[in-house]
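We name chains A, B, ... by the order of the sequence lines, and we start the count at 1 in each one.
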Amino acid sequence: MIRLDQVALTLGDSAHFRFDLTVEAGETVGVVGPSGAGKSTLFDIIAGYHLPAEGQVYLSGEDHTHTPPSGRPVSFMFQSNNVFDHLDVATNVGLGISPHFKRDSKSLAVVREALEKVGLEGFEARRAAALSGGEAQRVALARVLVRDRPVLLLDEPFAALGPSMRADLSSLVRDLQAARQLTVLMISHAPTELRGICERLLFLQAGTVVQDGPLEAILGAGPETPMGRYLGARPTPPSSP
Amino acid sequence: MTPSAADRLIRPLPGLAVVAGLGGFVAIALGALLFAQPGGLGALPFDRVLSPYMGRIIEFTLTQTALSVGLSILGAVPLAVVLARHRRFAGRSALVRLLALPLALPPLVAVLGLLEVWGRSGWVSALLDALGVDARVSIFGLQGVVLAHVFFNLPLAARLMLAHLERQPASVFRLADQLGLAGWARFRRIEAPLLLPHVPAIAGLIAMLCIGSFTIVLTLGGGPSAATLEVAIYQALRFDFDPPLAALLTLMQLCLAGTLLFLLKLAGGAPEDRAGAAPALQAWAPAPGWVASVLMALCAGFIIAPLAGLALSGAQAEWSRILAMPRFWDAALTSFVIAVLAGLLSTACGYALVATKLRGFRRPTAASTLFGVGYQAVGSSVLAIPPIVLGAGWFLLLRSAPEPTLIAAGLIVIVNALMALPFVLRVLEPAMGAVERRYGRLADGLGLSERRRFVRLDGPVMARSFAAGFAFALVLSVGDLGAAALFGAYELETLPILILNLMGSYRTSDAAGVALALGVFVFALLMVADRLDRVAR
């Protein structure tokens, strides 16, 4: 569960953000909007990289307004650089168990199980720098699995991947969400791609949520809505940002 | 209209001429030193290689280098890590910029500051006395040389390491924050593996600077027992007048520096100093804890205290007497004229080299390969061939020529220009690269000749970069002691030489006053150069 209660924040001199929204446990919600609308800032507030100037942040029913990032029930996946290139795959995943991860048989068994679930059996000893983009994102997902936090934030996690890899990974995310009953927020530049993943959509503009509702309702609301204008300005969803 | 065939032929000439001229200058100096003895190379006293005297010099050179490098690196790692972890607190950017200061100061100015803090009657002694500790602090000898080298190189190493950490994508540190990697776990998993590959190159660079250190060892070494090869060359020429010994020492210095330069190349070349250039954007920035705060305060104090000490004692100097000394004004004028000429020469050579590198050759030829080698050599010559060696060679050649003062001044100008060249290139190359990318094809299309190109394009567009390069060269030349020290006999008293002479005649207060004046001048120039360079980027 995510609840932002009258959260306000100003970055720099002129970027004002105001969020007031609730996402129920187990929901998967798409986040769409032009660049600079505040999508990443919204994620940063939830993950704890930005502290709000006003308002409260509740996660899983608890007030986490002032909790540092590592103490929040949140996992975060970026578009790229989700793994430490200089470490091997097992350590990358294992650091999700604990920052003081040690290679004992119990931890390695947990890592192996997670890697199997994302289709990377036997990758433990590989250096992360040698992985392909898709493999690196799978390693990041395996770490999300062992970290086992109820909220998952995905910041265009598939944007740098090719179409088939993208389909594979998004079904992996869907399975993961269903199995663990995760609360998922997912930023995308191609809202139509969120069909089949999200039931609900948020449209952000100028630092706040301007449209919030069922995905199909917002996508089909017509050219006079903010989403309509956004889609109209970009008739064919780009395959990469 | 594309450039005419004649213009295309002329294009690489300036750069080639500079490479040939500077290469010749260096080659003649080395040749004079090694071969112009009666009896040539064979007459060198090779039997002295194994003498106890030589053993002592080599041992001291290597010991002080190893200690300086080790301590600089050991101190720099925690400082760089702390600065990388805490990206937003009051004074951070001031501290990062402070780290660039020691190496830019004239070594002699820094030495006087260090004496104020660490000298026999300095602050640290006074503090220990007040605490009732009966420990003699002595800044002379090995510990003083190492202390001064750490003062110069610990901040440099910290900046280079910080630059490597800041170059990482921001997500690396966000991920580390989210996974709760803090303290030792963060160092072991993230920072250490990121820094480790760069340590050899940083250590190599510092080793080169320490092996070639002249002013520090001359002033703080404290006598023949604590001399490096550099200082021994100087003593052999200036006091013993033993050119064969100087040549032998030079040969050993070249072997040592050459070996080190080779190892440095193996380690991945000289590291680039871009700390603070692109700070990793980090929203969640924890305030530094008390350990980090104490560490940063200690480092800041270590750098600031000598500067403050010099400022205080320099301000207390009898300024009315210093300003009434014709000798002060003569030295200031000499320094200024030499520095301006060296700066102009260095900037002009730098422009010719960069222009030729960027647009002198349309396809690889023998000439372009030759030029590339020369360009590289010019860039690292300062490290491998210390000014004292260049000075020594020409000193031997021209010691009986007429007009010695004029010739000495000319040589100092050329040596200083050569020393400053790598720094000038570092400013001009990116600036001109940008001009070429933006306007190069247009200028070619208009058929601008090289001269028109300078007048119409490079001159106006790169004016700030030229000024910045010139100012950096001015800073280096005006504070130089190495090249000027050898020619002191020719009534050429520059400001650093004047300070040295005042120290030698125990007029410490006057020396501090003159050093403060020089320090303030250099500091002002640095601010201007830094501002110009930043704006130009």
Side-chain angles (χ1 to χ4, degrees), chain A residues 9 11-12 15 17 40-41 43-52 66-88 91-102 127-129 136 139-140 143-144 146-147 149 151-153 155-157 160, chain B residues 77 80-82 84-90 93 161-202 268 271 278-290 292:
Chain A
L9 172 68
L11 295 178
F17 300 94
S40 296
T41 307
F43 276 27
D44 284 348
I45 290 172
I46 298 169
Y49 296 121
H50 281 315
L51 298 183
H66 298 288
T67 311
S70 61
R72 300 191 178 208
V74 174
S75 289
F76 202 134
M77 249 178 92
F78 314 103
Q79 184 175 326
S80 55
N81 297 315
N82 284 298
V83 295
F84 297 117
D85 278 349
H86 56 272
L87 299 177
D88 63 17
T91 312
N92 262 298
V93 177
L95 286 176
I97 304 173
S98 151
H100 308 289
F101 164 70
K102 294 218 170 49
R127 270 178 68 86
V139 170
R143 190 180 52 225
V144 168
V146 304
R147 225 168 105 77
R149 305 280 165 113
V151 175
L152 176 58
L153 304 178
D155 188 348
E156 299 199 66
Chain B
V77 169
V81 162
V82 161
R85 286 185 186 185
H86 306 288
R87 286 160 295 257
R88 279 201 306 197
F89 59 88
S93 72
M161 290 179 188
L162 181 61
H164 284 301
L165 290 175
E166 284 184 342
R167 197 173 305 152
Q168 301 302 316
S171 59
V172 167
F173 299 109
R174 293 166 65 119
L175 203 53
D177 286 342
Q178 178 159 90
L179 296 174
L181 286 164
W184 178 250
R186 193 180 179 99
F187 181 70
R188 187 164 94 93
R189 296 296 190 190
I190 314 280
E191 288 141 354
L194 286 177
L195 287 179
L196 207 57
H198 302 290
V199 166
I202 296 174
L281 185 78
Q282 183 68 20
W284 190 71
W290 69 269

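The aromatic rings of B:Phe89 and B:His86 sit perpendicular, their planes meeting at an angle over 60°, well past the 30° parallel limit.
Only the backbone of A:Ser80 comes within contact range of chain B, with heavy atoms under 4.5 Å apart. Within the 4.5 angstrom heavy-atom criterion, only side-chain atoms of A:Arg147, from C-beta onward, approach chain B. With a 4.5 angstrom heavy-atom cutoff, A:Leu95 touches chain B via backbone and side-chain atoms both. Neither the backbone nor the side chain of B:Arg186 comes within contact range of chain A, judged by heavy atoms closer than 4.5 Å. Contact of A:Val74 with chain B is made through backbone and side chain together, with heavy-atom distances under 4.5 Å. Residue B:Ala182: no heavy atom, backbone or side chain, is found under 4.5 Å from chain A. Looking at A:Arg143, only its side chain comes within 4.5 Å of chain B, counting heavy atoms on both sides.
Taking CZ from A:Phe17 and NE2 from A:His50, the interatomic distance works out to 7.5 Å, rounded to the nearest 0.5 Å.
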Between B:Glu191 and B:Leu181, does a side chain to side chain contact (heavy atoms under 4.5 Å, CB included) hold up when you go through it step by step? CA-CA 11 Å; B:Glu191 288 141 354; B:Leu181 286 164; over 6 Å; no

Could you walk me through whether A:Phe76 and B:Leu175 pass the side chain to side chain contact (heavy atoms under 4.5 Å, CB included) test, one step at a time? CA-CA 8 Å; A:Phe76 202 134; B:Leu175 203 53; over 6 Å; no

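Listed for the B:Ser171 side chain is a donor-acceptor partner under 3.5 Å among the backbone atoms of A:Asn81.
A cation-pi geometry, defined here as NZ or CZ lying under 6.0 Å from the six-membered ring centre and within 45° of its normal, holds between B:Arg87 and B:Phe173.
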